[in-house]
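See structure below.
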Number of protein chains: 2
Amino acid sequence: MGRSNMQQKTLIKLRPNLTRLSQTAPPTLAAFAIWVLDHYDEVAFSSIRSLADKANVNANTVTRLSKELGYDGYDAFRADVQLALRARTIGYAARAEALRNRDGGDVYSEMIAANRANAEAVFSPEMLRLIEQCVPTLLVARRIYAVGVRSCYSIAHYLSYVGGMAFNNFVSVPAQPGSILDQLSRAGPEDIVIAISFEHYSTEVIRATQIARDVGARVLSITDSHASPIAAGAWRVVPLPMEGPQFMPSINAALIVAELLLAGMMARSADAVANIKSFEDRIEKFGGYQRGAPVSG
Amino acid sequence: MGRSNMQQKTLIKLRPNLTRLSQTAPPTLAAFAIWVLDHYDEVAFSSIRSLADKANVNANTVTRLSKELGYDGYDAFRADVQLALRARTIGYAARAEALRNRDGGDVYSEMIAANRANAEAVFSPEMLRLIEQCVPTLLVARRIYAVGVRSCYSIAHYLSYVGGMAFNNFVSVPAQPGSILDQLSRAGPEDIVIAISFEHYSTEVIRATQIARDVGARVLSITDSHASPIAAGAWRVVPLPMEGPQFMPSINAALIVAELLLAGMMARSADAVANIKSFEDRIEKFGGYQRGAPVSG
DNA sequence: CCGTTAATGATTCATTTGCATTATTTTTGC
DNA sequence: GCAAAAATAATGCAAATGAATCATTAACGG
């Protein structure tokens with residue numbers, strides 16, 4: 001207990017120490033300290049030499065940094081970083097235990113791994129940048145059409161329903177599939193069409209992107225590949241992984257993107273929250289909502 | 001892209017493979033496979049010998065397991081596990097960098113943290129057990145009704161659409177809100193009603209659970225609390241966190257539960273995959289699908 | 001009972017590892 | 001401009017690592 005506490009203390013000090021070195025230490029060492037700050041976890045998995053290679057410094061620089069940080073040597077330094085990584089893993093063991101020897105445990109663990117991979121892909125810096133780039137345009141668009149059918153209908157519906165609560169440029173998705181195309185034919189260059197489809201790509205959504213192109217509307221494609229038929233000629237393409245058990249690709253990444261887009265828009269809009277509030281008031285007034293039972297505490 | 005995709009695939013398959021080995025492999029190897037399942041991250045940080053020491057097996061067993069898993073040797077195995085660990089860490093630094101000094105960066109990082117927390121809650125052993133308990137009953141149910149309105153309509157739609165592809169007891173959700181109650185009045189004790197609603201709880205879904213109770217159907221409530229009005233008298237309650245930015249609760253956890261339920265059902269059903277196949281064939285026949293452009297490689 | 005085979009363990013060997021030592025370059029004070 | 005000092009790079013070495021090979025043990029059929 002005492003020992004782990006002490007180690008945690010050193011862990012907490014690690015980043016500040018590195019930052020300090022990046023300012024006070026000699027050039028090469030300082031540069032390497034910065035590199036370590038940006039590639040923290042490489043330390044956990046690399047030897048002195050391989051780390052030196054990756055950072056383009058001499059192997060000795062690695063050893064000297066370790067000592068400069070107060071460690072006996074590189075081994076001690078690395079052990080500390082590994083400890084930090086392990087801390088994030090706690091709980092995985094318990095789940096593994098729970099899953100083992102259970103019918104269908106494979107499926108669940110596959111889903112968990114897939115979900116994590118999908119989510120991390122969406123949360124990559126590039127993807128976030130891409131999503132952020134879309135936000136300002138969506139905010140000023142005259143109309144936003146969300147188009148998705150079959151299993152992707154849920155995403156389209158979520159987008160336009162929640163979007164419609166906060167913004168007045170979201171067009172609500174029609175119940176009858178055919179009307180999507182009717183609706184789109186009235187779109188124009190100031191409108192955005194958010195098209196959502198994954199393999200197998202549905203004809204209706206492909207057709208929707210074609211119409212969008214014809215009327216000059218910009219297409220934001222949420223799909224599984226740049227080679228997707230709905231990515232052709234699109235204004236923006238958000239390519240997503242759909243990992244899942246063999247028989248069931250996951251649309252989870254798509255929902256996360258939808259939520260990120262909406263959150264990004266709301267964060268930049270002054271009225272969004274007020275709009276939601278009045279939207280909910282309206283529904284409550286007409287009896288659409290009901291308060292839950294009072295919760296103790 | 002190709003390479004990272006491939007690695008991702010192998011990563012996702014890693015745990016199932018270990019589970020398989022823990023059942024089919026010779027005793028020592030099987031025992032070690034189980035140990036690895038429970039001490040997943042030790043692999044990332046240990047050498048053959050140190051891992052063997054920790055697991056109390058011969059060093060050779062470690063090498064054998066690696067090969068049995070399809071790797072060239074221990075190095076390849078460890079690299080894969082490290083990749084999995086990195087996936088969880090990756091970007092903590094890069095992402096922080098990307099988010100910093102960016103408009104709305106807070107929102108994105110909040111979403112990321114929230115999403116992770118929500119997903120982890122669903123993946124907790126207790127929650128997985130709960131979900132798994134529902135599966136057998138759902139498989140033999142006469143009819144399964146998925147009920148959700150407003151933002152939760154997307155979840156209900158996803159459940160019944162994808163469920164309907166693989167199983168014939170899923171009832172497709174009606175477009176008009178009113179018809180939900182009409183439909184439900186025809187339900188009976190052999191039916192399951194999956195009710196999805198979060199605060200503010202929608203009157204229609206609450207009413208649906210009441211009708212379900214009246215006709216003797218069992219209710220599986222996907223909601224945010226045991227105190228939820230749709231949890232009262234429910235057969236099973238799946239309480240979910242909906243963490244998100246203040247103004248926008250996330251329904252991501254609900255989608256994950258939906259996917260887990262479906263995956264769990266499919267894994268236990270012999271015809272499910274065949275049903276999906278024939279379903280897709282049917283749609284393709286009528287021109288609902290279109291092939292994507294050929295992908296290079 | 002034996003002999004065959006699969007499973008496990010021990011030994012060996014070329015590499016790689018971390019670290020100390022030595023050599024070289026760069027910086028600094030005058 | 002140059003010597004002293006500091007910083008950086010190169011070298012050497014004992015200990016470790018990963019993987020191949022060989023030896024032992026257990027399981028099973030005839």
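Labels below follow one simple rule: chain letters A, B, ... track the order of the sequence lines, proteins then strands, and each chain is numbered from 1. A quick note: this is a predicted structure, and the numbers were derived from the prediction, not measured.
- Axis angle across the helix from C/dC1-D/dG30 to C/dC30-D/dG1, with five pairs used at each end and values rounded to 10°: 20°.
- In this structure, A/R78 atom CZ and D/dA16 atom C1' are separated by 11 Å, rounded to whole Å.
- Looking at residues 61-70 of chain A, you'll see A/K67 sit with a heavy atom under 4.0 Å from some atom of DNA chain C.
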**OP:** Report the C-alpha separation of B/Y158 and B/E259 in whole Å, then their side-chain angles, then the decisive distance to 0.1 Å, and conclude whether the side chain to side chain contact (heavy atoms under 4.5 Å, CB included) test is met.
**Re:** CA-CA 9 Å; B/Y158 180 81; B/E259 291 194 337; 3.2 Å; yes

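- Look at A/S47 and you won't find any side-chain N or O under 4.0 angstrom from OP1 or OP2 of C/dT16.
- Remark: P of C/dA7 and CZ of B/F32 are 17 Å apart, rounded to the nearest angstrom.
- Straight-line distance from the CG atom of B/N58 to the P atom of D/dT24: 15 Å, rounded to whole Å.
- Side-chain N/O atoms of B/S50 and B/S47 include a donor and acceptor closer than 3.5 Å.
- Look at B/R268 and B/E132 and you find a salt bridge, because one of the NZ, NE, NH1 or NH2 atoms lies within 4.0 Å of a carboxylate O, short of that distance.
- Listed nucleotides C/dT8, C/dG18, D/dG18 differ in distance to B/R49; the shortest reach to its side chain belongs to D/dG18.
- Within the nucleic acid shown, B/D75 comes within 4.0 Å of sugar-phosphate atoms alone, with no base atom in reach, counting heavy atoms only.
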Every protein N/O within reach of nucleotides 3-6 of chain D N/O, cut-off under 3.5 Å:
none

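- Atom-to-atom, CZ of B/F77 to C1' of D/dT17 comes out at 17 Å; the value is rounded to the nearest Å.
- Relative to the side chain of B/I48, the nucleotides D/dA19, C/dG9, D/dA9 differ in distance, and D/dA19 lies closest.
- For D/dA19, the OP1/OP2 oxygens have no side-chain nitrogen or oxygen of B/N60 closer than 4.0 Å.
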